[in-house]
Amino acid sequence: MSKLPAVFVDPEDSQLVADAKKQVPKDEDYAYTERDVILYNLGIGATEQELQWTYEGHEAFGALPTFGVIPQFGASSGVPLGWLPNFNPAKLLHGEQYLSIKAPIPTEAKVVNTHRLLEVLDKGKAASVSTLVQTRDKDTGQLLFENQATVIIRGAGGFGGKRTGADRGAATAANVPPKRAPDAVVEEKTTSTQAALYRDPIA
């Protein structure tokens with residue numbers, strides 16, 4: 001079912017990075033239900049009054065688009081990093097997350113995540129590590145999501161190779177705000193339970 005190349009070869013990679021990319025991880029299964037979708041929607045701010053996001057019987061029930069980061073979470077966070085010099089997980093920072101939605105999001109599904117080490121940069125005092133995860137429906141093979149995650153590991157640099165990564169370009173066209181008063185102002189307040197609700201679908 002894997003559609004990704006076995007290795008993302010880069011002639012600028014150091015030998016350490018080239019060898020790490022050859023460690024191809026196994027595909028990882030994940031399953032979620034309508035309950036998980038509801039908990040995620042609530043966790044990012046949907047309310048009980050918005051039945052499209054909180055009631056599975058609603059005709060337009062669905063997952064909010066950023067749900068696409070959830071099924072891949074175990075795969076992207078499980079990429080081994082112990083090969084980096086002086087690796088310390090306590091010094092790892094989540095630097096960037098890119099999500100591309102490839103198909104309508106099922107409200108429940110069994111999926112398979114295929115993940116690869118995409119790019120590793122030596123930033124001198126730190127390492128920048130990017131992974132790519134494709135999430136497919138286990139039964140049909142339909143590609144649902146593609147995620148790229150970049151983490152920064154302080155103190156793990158100095159191994160040589162690339163220092164500057166490929167530029168994916170702007171995600172959207174520039175949107176310069178007009179120099180005038182806003183048309184409307186909306187204030188939102190998070191609830192005391194949102195963090196707990198958000199964590200539940202990931203666990």
Side-chain angles (χ1 to χ4, degrees), residues 1-32 36 65-103 105-106 108-169 171 201-203:
M1 185 177 288
S2 176
K3 303 294 184 180
L4 292 176
V7 179
F8 283 95
V9 177
D10 191 324
E12 295 184 61
D13 283 340
S14 67
Q15 191 60 51
L16 180 73
V17 173
D19 290 343
K21 285 184 174 182
K22 293 175 184 176
Q23 301 175 26
V24 179
K26 293 182 179 179
D27 290 353
E28 186 167 310
D29 291 349
Y30 184 86
Y32 65 89
D36 297 315
T66 49
F67 181 81
V69 304
I70 299 298
Q72 62 85 44
F73 190 80
S76 63
S77 61
V79 173
L81 298 173
W83 52 271
L84 284 167
N86 305 312
F87 173 67
N88 182 346
K91 294 185 176 182
L92 185 151
L93 302 171
H94 184 195
E96 181 184 39
Q97 188 76 36
Y98 169 84
L99 167 65
S100 178
I101 300 170
K102 302 296 187 180
I105 304 175
E108 57 183 358
K110 293 179 180 179
V111 301
V112 177
N113 293 297
T114 303
H115 49 302
R116 297 287 186 271
L117 200 55
L118 179 62
E119 185 176 64
V120 182
L121 306 177
D122 182 353
K123 307 301 283 186
K125 294 182 179 180
S128 172
V129 180
S130 297
T131 56
L132 187 148
V133 182
Q134 284 189 345
T135 302
R136 295 178 180 274
D137 185 287
K138 189 171 184 178
D139 294 327
T140 67
Q142 170 72 55
L143 178 61
L144 301 174
F145 312 113
E146 184 171 286
N147 278 267
Q148 292 181 31
T150 299
V151 295
I152 307 298
I153 304 96
R154 292 172 294 140
F159 49 83
K162 293 176 66 175
R163 293 183 62 87
T164 304
D167 186 3
R168 189 171 53 238
I202 300 176

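Along the sequence shown, residues are numbered consecutively beginning with 1.
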Visitor: Mind jotting down which residue pairs meet the salt bridge (charged side-chain N to carboxylate O under 4.0 Å, His left out) criterion with at least one end in residues 155-164? Sequence neighbours excluded, please.
Guide: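 Salt bridge (charged side-chain N to carboxylate O under 4.0 Å, His left out) check on residues 155-164 returns Asp10-Lys162, Glu119-Lys162.
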Visitor: Once side-chain contact (heavy atoms from CB on, under 4.5 Å) is applied, do any residues pair with Asp29, and if so which ones, sequence neighbours excluded?
Guide: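 In terms of side-chain contact (heavy atoms from CB on, under 4.5 Å), with neighbours along the sequence ignored, Asp29 is linked to Val112, Lys138.
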Visitor: Can you list the steps and then say if Leu93 with Arg154 is a side-chain contact (heavy atoms from CB on, under 4.5 Å)?
Guide: CA-CA 8 Å; Leu93 302 171; Arg154 292 172 294 140; 4.1 Å; yes
Visitor: Testing the basics here: between Ser130 and Thr150, what is the closest heavy-atom pair and its distance to 0.1 Å?
Guide: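 Heavy-atom minimum between the residues: OG-OG1, 2.7 Å.
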Visitor: With salt bridge (charged side-chain N to carboxylate O under 4.0 Å, His left out) as the rule and sequence neighbours excluded, what pairs involving residues 69-89 come up?
Guide: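 Those involving residues 69-89 do not exist here.
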Visitor: Between Ala75 and Asn113, what is the shortest heavy-atom contact and its length?
Guide: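 So the two residues come closest at CB-CB, 3.8 Å.
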Visitor: Does any non-hydrogen side-chain atom of Tyr30 lie less than 4.5 Å from one of Thr135?
Guide: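 No, too far: nothing below the 4.5 Å cut-off.
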Visitor: Show your working on side-chain contact (heavy atoms from CB on, under 4.5 Å) between Phe67 and Ile105 and close with a plain yes or no.
Guide: CA-CA 9 Å; Phe67 181 81; Ile105 304 175; 4.3 Å; yes
Visitor: If you define the side chain from C-beta out and look only at heavy atoms, does anything of Leu144 sit under 4.5 Å from Pro106?
Guide: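 Heavy-atom side-chain distance check passes, below 4.5 Å.
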Visitor: What residues form a side-chain hydrogen bond (donor to acceptor under 3.5 Å, both in side chains) with Thr131, not counting sequence neighbours?
Guide: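 Not a single residue meets the side-chain hydrogen bond (donor to acceptor under 3.5 Å, both in side chains) criterion with Thr131.
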Visitor: Quick one: closest heavy-atom pair of Leu92 and Leu81, and the distance?
Guide: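 Minimum heavy-atom separation between Leu92 and Leu81: CD1-CD1, 3.8 Å.
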Visitor: I need the minimum non-hydrogen distance between Pro71 and Val111, along with the two atoms involved.
Guide: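 Looks like CB-CG2, 4.1 Å.
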Visitor: What residues, two or more places apart in sequence or in another chain, satisfy salt bridge (charged side-chain N to carboxylate O under 4.0 Å, His left out) together with Asp122?
Guide: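 With sequence neighbours excluded, Asp122 shows a salt bridge (charged side-chain N to carboxylate O under 4.0 Å, His left out) to no residue whatsoever.
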Visitor: Can you list the steps and then say if Gln97 with Asn147 is a side-chain contact (heavy atoms from CB on, under 4.5 Å)?
Guide: CA-CA 7 Å; Gln97 188 76 36; Asn147 278 267; 3.1 Å; yes
Visitor: Between atom OG of Ser76 and atom NE2 of His94, what is the distance when rounded to the nearest 0.5 Å?
Guide: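 Output value for this atom pair is 7.5 Å.
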Visitor: Give the minimum heavy-atom separation between Val69 and Gln72, together with the two atoms involved.
Guide: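 What the structure gives for the nearest pair is O-NE2, 2.8 Å.
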Visitor: Looking at NZ of Lys123 and OG1 of Thr164, how far apart are the two atoms once the value is rounded to the nearest 0.5 Å?
Guide: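 Rounded to the nearest 0.5 Å, the NZ-OG1 separation comes to 5.0 Å.
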Visitor: What pair of heavy atoms forms the shortest contact from Pro85 to Gly157, and how long is it?
Guide: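 Between these two residues, the closest heavy atoms are CG-O, 3.9 Å.
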Visitor: About how many Å separate CD of Gln148 and CD of Gln134, when rounded to the nearest 0.5 Å?
Guide: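 It comes to 10.0 Å.
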Visitor: Under the side-chain contact (heavy atoms from CB on, under 4.5 Å) test, which residues partner Ala31, sequence neighbours left out?
Guide: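 For Ala31 the side-chain contact (heavy atoms from CB on, under 4.5 Å) partners, ignoring immediate neighbours, are Lys110.
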Visitor: Can you tell me how far CZ of Arg136 sits from CG of Asp27, rounded to the nearest 0.5 angstrom?
Guide: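 CZ of Arg136 is found 10.0 Å from CG of Asp27.
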Visitor: Should Phe8 and Arg116 be marked as a side-chain contact (heavy atoms from CB on, under 4.5 Å) after you check the CA-CA gap, both sets of side-chain angles, and the distance that decides it?
Guide: CA-CA 8 Å; Phe8 283 95; Arg116 297 287 186 271; 3.7 Å; yes
